[in-house]
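Naming convention: chains lettered A, B, ... in sequence-line order (proteins, then strands); numbering from 1 in each chain.
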Amino acid sequence: MSITAIRGFNDILPGDTELWRHIERCAWSIFRTCGFGEIRLPIVEKTELFMRSIGETTDIVEKEMYTFADRHGDAITLRPEGTAPAVRAYIEHKLYTAPVTKLYYTGPMFRYERPQKGRYRQFYQIGAEVLGDESPRSDAETLSMLMKFFGTLKIQGATLQINSLGDASCRPAYKEKLYNYLKERAGELCENCVRRIETNPLRALDCKAAGCIEATSSAPSLVDSLCEPCAVHFDRVKYFLKLYGIEPLVNPRMVRGLDYYTRTTFEITADNGLGSQNAVAAGGRYDGLVEELGGPATPCFGFAIGMERLAMLLNREQVAAAPLTVFIALGIDAEKKGVELVSAWREAGIRVVEDFSAGGLKSRMKRADRLGADYAVIVGENELNQGVATVKDMKQATQETVAWDRVADLIKGGK
RNA sequence: GUGGACGUGGCUCAACGGUUAGAGCACUGGACUGUGACUCCGGGGGUUGGGGGUUCGAAUCCCCUCGUCCACCCCA
């Protein structure tokens with residue numbers, strides 16, 4: 001075997017990029033109508049940015065980051081997610097001077113994990129962040145935009161789960177309650193969760209181990225422990241989601257893996273064909289992050305969509321490529337004329353490639369077929385003398401002879 | 001990071017430790033000198049993922065390594 005791509009890093013081939021472009025175009029056309037502007041962010045950031053935002057005891061920071069020393073010895077990291085860089089840019093460029101900022105971005109993220117279906121070391125996300133809006137209506141509207149996006153792509157079986165993680169005024173008290181509860185039940189918990197009691201007790205709530213599910217079944221509920229403002233916020237989010245026609249599933253045990261989330265968190269899962277990596281989009285509110293990173297106190301809401309997981313949910317047939325025309329010149333004079341004809345047809349907007357191979361018309365028609373041609377345009381001695389081309393519809397198996405300047409119209413009109 | 005399944009022409013897969021590793025599809029040439037898909041006939045294509053070992057003999061057994069997939073973990 002010669003040199004291959006590194007593990008977990010994949011090439012995305014033309015057949016797939018067609019689908020990816022469709023997804024990106026669709027996202028962009030919907031997001032922009034909701035007031036989002038695109039931001040292009042660096043792929044590498046100072047390591048410190050992620051340690052301070054995502055949280056030092058999270059799995060991402062502890063064992064999944066691609067961190068290097070650059071030539072000056074500074075610690076830099078391939079971004080494992082997009083929110084922290086977006087917030088960094090928001091602060092750096094003082095975008096907070098605007099009443100609200102809505103940012104959209106797309107690009108690769110990097111996490112050092114064992115590859116699996118729907119999980120790669122370089123993976124792509126479409127992300128969106130609303131910075132500077134504390135209203136629960138913002139949460140609901142942004143979620144509805146996301147659901148509309150999935151609807152436009154005709155994603156089947158997507159379910160929205162939401163939860164509220166509370167904020168700085170109610171979560172610490174809840175954590176304490178949960179800590180004491182878990183402490184008493186430590187014997188029933190898995191090894192991992194025993195460790196979490198000290199580091200991140202909330203995580204024990206969404207552990208899949210049977211013993212842990214059993215042990216936490218009567219644990220104090222987060223949703224019941226919210227302070228008044230958080231409870232009101234959560235109710236309003238649910239209320240407005242209903243107005244948007246969205247019926248979310250409240251999952252009080254859903255805990256996110258990043259430390260910066262407050263209040264609303266959510267996850268969209270799809271069951272068809274994604275295996276155990278079935279979350280296609282997730283996100284939530286992070287009201288403390290901007291301030292944490294040195295900006296003014298700014299309430300925010302954002303989400304990220306997993307591109308390859310989303311692409312797996314779509315069937316290629318739904319994304320029709322533009323019809324392809326293959327031009328076949330027979331004889332040296334036709335080849336000469338072809339230079340002019342092909343560029344004129346391209347100018348007219350049709351997608352045309354020329355078959356430069358030698359050989360009989362039969363083998364060249366066969367090549368055209370294999371290239372996936374919708375039309376074959378043939379110009380040989382006969383056509384050349386009369387200023388016409390033979391245009392064959394490969395799918396219908398019909399053909400007609402038309403003047404050169406009518407070829408593009410015929411092809412565009414057909415189909 | 002842990003556990004498991006699997007790596008054989010471009011693709012899907014055969015081959016009890018025993019001739020020269022096969023088939024279908026794909027490719028290519030011809031039957032058919034300017035018309036693809038169907039048919040028929042011919043042809044090319046393999047360091048059996050890589051390395052080491054056991055054996056008279058390894059695709060097959062053993063060890064290591066790389067990769068893919070699945071699950072755990074975690075997440076998008």
- Task: Determine the contact category for A/I60: base if any of its heavy atoms lies under 4.0 Å from a base atom, sugar-phosphate if only primed atoms, P, OP1 or OP2 are that close, otherwise nothing.
- Result: nothing
- Is the distance from OP1 or OP2 of B/C70 to the nearest side-chain N or O of A/K117 less than 4.0 Å? yes
- Rounded to whole Å, NZ of A/K63 lies from C1' of B/C72 at a distance of 11 Å
- Just name whichever nucleotide pairs with B/C61, Watson-Crick or G-U, keeping both distances under 3.5 Å, else none. B/G53
- Which is true for A/E383 with a 4.0 Å heavy-atom rule: it touches a base, it touches only sugar-phosphate, or it touches nothing? base
- Message: Taking the P atom in each of B/U12 and B/U2, what is the distance between them to the nearest angstrom?
- Response: 29 Å
- Message: As a test of reading the structure: which of B/C75, B/U68, B/A76 is closest to the side chain of A/R119, going by heavy atoms?
- Response: B/A76
- Under a 3.5 Å limit for both distances, which nucleotide forms a Watson-Crick or G-U wobble pair with B/C25, could you say? B/G10
- Note on the structure: Considering only heavy side-chain atoms of A/R203, the closest of B/C75, B/G1, B/A76 is B/C75
- Message: Categorize A/Q399 for me: base, sugar-phosphate, or nothing, with a 4.0 angstrom heavy-atom threshold over every strand shown.
- Response: base
- Side chains of A/F149 and A/I305: closer than 4.5 Å at any heavy-atom pair? yes
- Measure from NZ or CZ of A/R121 to the centre of the six-membered ring of A/Y112 and say whether it is under 6.0 Å with the direction within 45° of the ring axis. yes
- Drop me the distance from A/K46's NZ to A/R52's CZ, to the nearest 0.5 angstrom. 10.5 Å
- Query: Considering only B/C70, B/U35, B/G34, which nucleotide approaches the side chain of A/N382 most closely?
  - Reply: B/G34
- Query: When the distance from OH of A/Y120 to P of B/G67 is rounded to whole Å, what number comes out?
  - Reply: 16 Å
- What is the nucleic acid contact for A/A373, judged by heavy atoms within less than 4.0 Å: base, sugar-phosphate only, or nothing? nothing
- Item | B/A21 versus B/U68 - spacing of their C1' atoms, nearest Å | 23 Å
- Message: In whole Å, I'd like the distance from the OH atom of A/Y260 to the P atom of B/C75.
- Response: 11 Å
- Query: A/Q396 CD to B/G36 P: how many Å, rounded?
  - Reply: 17 Å
- Message: For a quick check of understanding: with a heavy-atom distance under 4.0 Å over all strands, which category does A/T390 fall into, base, sugar-phosphate or nothing?
- Response: base
- Message: Whether the side chain of A/K392 and the base of B/G36 hold a donor-acceptor pair under 3.5 Å is what I'd like checked.
- Response: yes
- Task: Can you check whether any acceptor in the base of B/G34 is under 3.5 Å from a donor in the side chain of A/R364, or vice versa?
- Result: no
- Query: Taking the same atom, P, in B/A14 and in B/C72, what whole-Å distance lies between them?
  - Reply: 28 Å
- Item | Between B/C40 and B/A26 - P atom distance, rounded Å | 12 Å
- Message: Can you tell me how the ring of A/Y104 sits relative to the ring of A/F31, calling it parallel under 30°, perpendicular over 60° and tilted otherwise?
- Response: perpendicular
- What integer number of Å spans the P atoms of B/G10 and B/U47? 8 Å
- Side chain of A/R370 (C-beta onward), nearest among B/G34, B/G36, B/C27: B/C27
- B/C66 P sits how many Å from A/R114 CZ, rounded? 11 Å
- Basic-acidic side-chain contact under 4.0 Å: A/R285, A/D287: yes
- In whole Å, what is the span from the NZ atom of A/K366 to the C1' atom of B/C27? 8 Å
- Query: Considering every strand shown, what is the Watson-Crick or G-U wobble mate of B/U33 when both distances are under 3.5 Å?
  - Reply: none
- Hey, does the side chain of A/K362 come within less than 4.0 Å of B/G36's phosphate (OP1/OP2), counting only N and O? yes
- For B/G53 and B/G17, measure between their C1' atoms and round to the nearest Å. 15 Å
- Message: So A/A282, base contact, sugar-phosphate only, or nothing? Heavy-atom distance under 4.0 Å.
- Response: sugar-phosphate
- Message: Measuring from the side chain of A/Q116 (C-beta onward, heavy atoms only), which nucleotide among B/A76, B/G34, B/C73 has the closest atom?
- Response: B/C73
- Message: Regarding A/G127, tell me which of base, sugar-phosphate or nothing describes its non-hydrogen contacts under 4.0 Å with the strands shown.
- Response: nothing
- Message: For the residue pair A/E64 / A/Y66, report whether a side-chain donor-acceptor contact shorter than 3.5 Å exists.
- Response: no
- Distance, P atom - from B/G3 to B/G45, rounded to whole angstrom: 43 Å
- Task: Determine, for A/R88 against A/E92, whether the closest basic-nitrogen to carboxylate-oxygen distance falls under 4.0 angstrom.
- Result: yes
- Spacing between A/F123 atom CZ and B/C75 atom C1', to the nearest angstrom: 8 Å
- For nucleotides B/A23 and B/U8, find the distance between their C1' atoms and express it as a whole number of Å. 13 Å
- Item | 5' priority, RNA chain B, between A/G8 and A/N278 [closest heavy atom] | A/G8
- Message: Let's test this: given Watson-Crick or G-U wobble pairing with both distances under 3.5 Å, identify the partner of B/C16.
- Response: none
- Does the B/U68 base have a donor-acceptor partner in the side chain of A/R7 within less than 3.5 Å? no
- Polar contact flag, side-chain donor to acceptor under 3.5 angstrom, A/S357-A/D355: yes
- Message: Using whole Å, what does the distance between atom C1' of nucleotide B/U2 and atom CG of A/D59 come to?
- Response: 14 Å
- Task: Sort out the partner of B/C73 for me: Watson-Crick or G-U wobble, both distances under 3.5 Å, none otherwise.
- Result: none
- Among B/A76, B/G4, B/G36, the one nearest any side-chain atom of A/M394 is B/G36
- Nucleotide nearest A/D369 when distance is taken to its side chain, options B/A76, B/A37, B/C73: B/A37
- Task: Using a strict 4.0 Å threshold on nitrogen-to-oxygen distance, state whether A/E354 and A/R346 make a salt bridge.
- Result: no
